[in-house]
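Structure, as structure tokens:
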Amino acid sequence: MMVGFRPLFAVTVRQDARNIAPWIVLITALSASSILAYSWVFPDPASRAALSVAVGANPAFSLLFGQARDLSTAEGFNAWRTLALGGFFAALMAIFTVVRNSRADEDSGQAELVASGVVGRHARLAVAVAVASLACLVLGVVSAAVTVLFGGSIADSAALSATYTASGLVFAGVAAVTAQLGSYARTATAMAVSVLGVGYLARAYSDTIDPDGPAIWFSPLGWTAQVRPAAGNNWWPLLGCLGLTVVLLAVANVLLARRDFGMGLVPPSPGPDRGGAVASVWGLALRLHRGSMIGWTLVFVLLGVVFGYLSTTLGGVFARNADFAAVLGARGGSAADLTFAFLLTLLTVLGIIAAVYGVQIGMRFYAEELEYRAEPLLAAALARPKLFASHAVIALLGPAAALLLGGAVIGVTSAAAGGSAGAADLVVQALAEIPAVWVLIGLSLALIGAHPVARPAAWLGVVAAFVLTILGPMFRLWDWILGISPFWHVPNITTTNPDYLGLLWLSLLAAALITTGFAGYRRRDVI
Amino acid sequence: MELVVRIEGLVKSFGSFAALRGLDLRVGRGEVHGFLGPNGAGKSTTIRVLLGLLRADAGRVELLAGDPWRDVVGLHRRLAYVPGDVSLWPGLTGGEAIDLLGRLRGGVDERRRARLLERFELDPTKRGRTYSKGNRQKVAIVAALASDVELLILDEPTSGLDPLMEAVFQDEIAAVKAAGRTVLLSSHILSEVEALADRISIIRDGRVVQTGTLEQMRLHTRTTVTAALTDDPAGLDRLPGVHDVRVDGHRLVCSVDTEHIGAVMVELGRRGITAITVSPASLEDLFLRQYDNEPTAGARP
């Protein structure tokens, strides 16, 4: 069954290292940078206390990152800031690695060569899982070592890094299962990432509504949170992660034995013999992106419902939290203001997720070209700008519509549960985010159109916007650095005199980027 | 002759690799032009420049009297293309792909579409990912042949087709030719080119090294003559243009420069012919000769 494992493993590790390395660097940098920055940004007890108050007063933070258990030490700060995020990225790394080395090779036909060799049926999946597991282990060791090097305590840093490894392992198991279910690599990835999203959301919900309540045990990402690095270092929940991984891998191997090579468990069905609506550029683009458009729209509805519902429970959260009173005392705001601040942060998060959606559509457009499917279209009577436009329009309008829908759902859910935030305000605020979202998507279109080799920089743009917008203010960065993120220029529309000039600049920048994409795509060689 | 394709001194490099180094190519209206060369000689690159997918670094390229880089839409309405390795949309059926490509080109001839599907025995309801290599190829061939265009650009169109389908394909191309349409047929299947092409260009290392009709190319080659004579064949090797003479009793095998074949025939007739075979150089001979004379790395086994 496992014949051929070792040579295949060696080749895969060598080939895949370059895909895995950036994730390890990213997560390690997250962890090491918070240790490094902490003593510099929060040098004295007063500034640390202020940080605790600021974090405590906006439940969006515990929703996004988990509970802040102790922000008075660098390790505690690091555990709060990076545990959920690092675990999320580690899970993505594991999912992509498993699918890339099992399912995706079947789609490209490369695996057929391997499978025809002296290789056991289970060896290829085992190699993919083994490479992902190795990546998770290396991630844990590297991140712990570098964090310690930058001044973290050994026990706390090790516990924190172990949670990354554990999240990665669990989702390597999830991906091994979805790789057997989906008919394509893309479906398998989408399914695994959805599970990850639901897991993250379940953890976020529990952390906001009922910290450390029973709901936290619903999600494996909640288990890693219960390790509580730097606040107890409770190692045993990690055993649960290992156990779940073993179960998932067993399920994957059972499913593997029951499906045909290159197919999912659901066999492909015959389709129409005539073109119909799909036989036009626009119809084709819609068809190609239909799956992701539906999936993303569901994501925004789900997030809208959860965020909207959470916004109505904040009264209880504020009542429990002493920091809330402190903020009210210092700033003289009202509970409604704080609730809107919470929703503003979450809308910005939705905006960043919308940018991910748009960038992904753009990347898919380029993937079509890489698979030689732009060639036959452009060899027909089709102008390049039209082909580019058919995908660019979806990349821009899809996320914008989803974002507006998300804002509306937050408003409606909140109103239905008796919340104070106005649905109209939320939709207008979501509308105001759109130019910022389009700047990030425009960047990806510019890169794909003009210089596709550099297209990973589009993801860098999204990550930078997230880090600067959500975490930047906490680090008290200078305005000119925070201003790099387009979301920094989005006004809060509920203030008495919102400054709309920023939106004008964002719109101009987005238009310039999109134009660059069009102009570049007209001029460059097509694969 | 009205030219459909006129390429002069075309240069295209990818980074430091020069794919085309001053290529010249002329295709006249109504002809089937064979474009021959081994893997990596620059056939596909030339075609992709003609399709406006790649931008020429230098040289003049004219397609249907237009500029393939600038007049993309207008030109592409008048041509159809079959790539050598067809990549289909995995979720789209073959029928959907044919209609998509046909409609983008400006419409599909319904009767022809139905006839071609039947002739090529293609099931249009299967999804792209479930087709075999040959069937993917058929999807592109049907899409190209179903539209009414002046020029067909075919880049190794029959790779993966079985011999029966290959015959159907040759038949269809012959019909296209009879209808007066132009075909640029890139291939390394020599029998296919020999059967279909009016004129041939042989490409090597990014340049066209020889071009002309098969007959013109044969002028510079030798014809193999095998004859049984009543008289003694001795002394024939002293005739101009006769080489590699082998005599076995009254049997003679020799190769003759094509320009001297007439004189040799007269001399053979004088000695009494009882049996004779005259084989002109095949395209394969021509092709191998072209690549054998100046061997380059990788060109020979």
Side-chain angles (χ1 to χ4, degrees), chain A residues 106-109 112 182-187 260 262-264 267-285 287-291 364 367-387 390 453 521-527, chain B residues 12 14 47-55 69-70 72-83 85-108 110 113 117 122-130 133 139-140 143-144 147 149 153 155:
Chain A
E106 285 182 36
D107 287 2
S108 70
E112 206 166 321
S183 302
Y184 306 98
R186 251 188 269 277
T187 327
D260 286 337
M263 306 281 167
S269 57
D273 63 334
R274 296 313 308 254
V278 81
S280 73
V281 200
W282 298 95
L284 176 67
R287 172 69 163 274
L288 291 178
H289 300 304
R290 188 175 62 187
R364 175 77 202 278
E368 284 288 306
E369 181 180 333
L370 281 181
E371 286 165 36
Y372 300 102
R373 290 198 284 266
E375 181 189 41
L377 295 175
L378 291 173
L382 174 61
R384 290 189 187 195
K386 198 169 166 189
L387 180 59
S390 67
V453 181
Y521 191 64
R522 278 177 79 114
R523 209 162 300 149
R524 73 168 165 88
D525 289 345
V526 168
I527 290 168
Chain B
K12 177 70 192 177
F14 299 105
I47 286 177
R48 293 161 64 73
V49 170
L50 278 177
L51 290 171
L53 293 167
L54 303 180
R55 199 215 253 294
W69 181 259
R70 283 192 297 116
V72 175
V73 174
L75 291 179
H76 287 194
R77 268 204 193 99
R78 299 159 64 190
L79 66 85
Y81 164 61
V82 177
D85 194 354
V86 178
S87 169
L88 291 177
W89 297 270
L92 259 56
T93 63
E96 286 178 315
I98 289 170
D99 284 353
L100 168 65
L101 294 173
R103 225 171 281 172
L104 285 179
R105 213 170 271 135
V108 186
E110 286 301 325
R113 180 189 189 272
L117 281 179
L122 181 68
D123 177 0
T125 66
K126 283 175 81 175
R127 308 252 175 216
R129 66 170 320 198
T130 59
K133 159 105 181 79
V139 169
S147 43
V149 291
I153 296 182
D155 190 2

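What you see is a predicted model; the values in this text were computed from it and never measured. By convention in this document, chain letters (A, B, ...) are assigned in the order of the sequence lines, proteins followed by strands, and residues within each chain are numbered from 1.
- Under the 4.5 Å side-chain criterion, counting only non-hydrogen atoms from C-beta, B:Y81 is not in contact with A:P376.
- A:R384 contributes a side-chain N or O that, together with a main-chain N or O of B:L53, makes up a donor-acceptor pair within less than 3.5 Å.
- For the atom pair CG of A:L377 and CG of B:L104, the computed distance is 6.0 Å after rounding to the nearest 0.5 Å.
- Comparing B:V82, B:L101, B:I98, B:V149 by how many heavy-atom pairs each has under 4.5 Å with chain A, the most go to B:L101.
- Residues passing the side-chain hydrogen bond (donor to acceptor under 3.5 Å, both in side chains) test with B:W89 are A:E368, sequence neighbours excluded.
- Ion pairing of B:K12 with A:D525 is present here, as a side-chain N (NZ or NE/NH1/NH2) and a carboxylate O approach within less than 4.0 Å.
- Only the side chain of A:L284 comes within less than 4.5 Å of a heavy atom in chain B; its backbone stays farther off.
- Under the rule for a side chain to side chain contact (heavy atoms under 4.5 Å, CB included), the partners of A:R287 that lie at least two apart in sequence or sit in another chain are A:V278, A:R290, B:L92, B:E96, B:R127.
- Between the side chain of B:S87 and the backbone N or O of A:E371 there is at least one donor-acceptor pair closer than 3.5 Å.
- Under a 3.5 Å cut-off, the side chain of B:H76 and the backbone N or O of A:L382 do not form any donor-acceptor pair.
- The most heavy-atom pairs under 4.5 Å with chain B, out of A:R373, A:R523, A:K386, come from A:R373.
- Smallest separation of non-hydrogen atoms from A:G275 and B:D99: N-OD2, 2.6 Å.
- Interface remark: B:R113 contributes side-chain atoms only to the contact with chain A (heavy atom separation under 4.5 Å).
- When all heavy atoms are compared, the tightest approach of A:A381 to B:R77 is CB-CG, 3.4 Å.
- Here the CZ-CD distance, from B:R48 to A:E375, works out to 4.5 Å after rounding to the nearest 0.5 Å.
- With rounding to the nearest 0.5 angstrom, the CZ atom of B:R55 is 10.5 Å from the CZ atom of A:R522.
- Nearest heavy atom pair, residue A:Y184 against residue B:R129, reads CE2-CD, 3.3 Å.
- Contacts with chain B were tallied for A:A383, A:S280, A:P270, A:A374; A:P270 has the most, counting heavy-atom pairs under 4.5 Å.
- Proximity to chain A is limited to the backbone of B:L88, based on heavy atoms less than 4.5 angstrom apart.
- Counting heavy-atom pairs closer than 4.5 Å to chain A, the top-ranked of the candidates B:A80, B:G106, B:P90 is B:P90.
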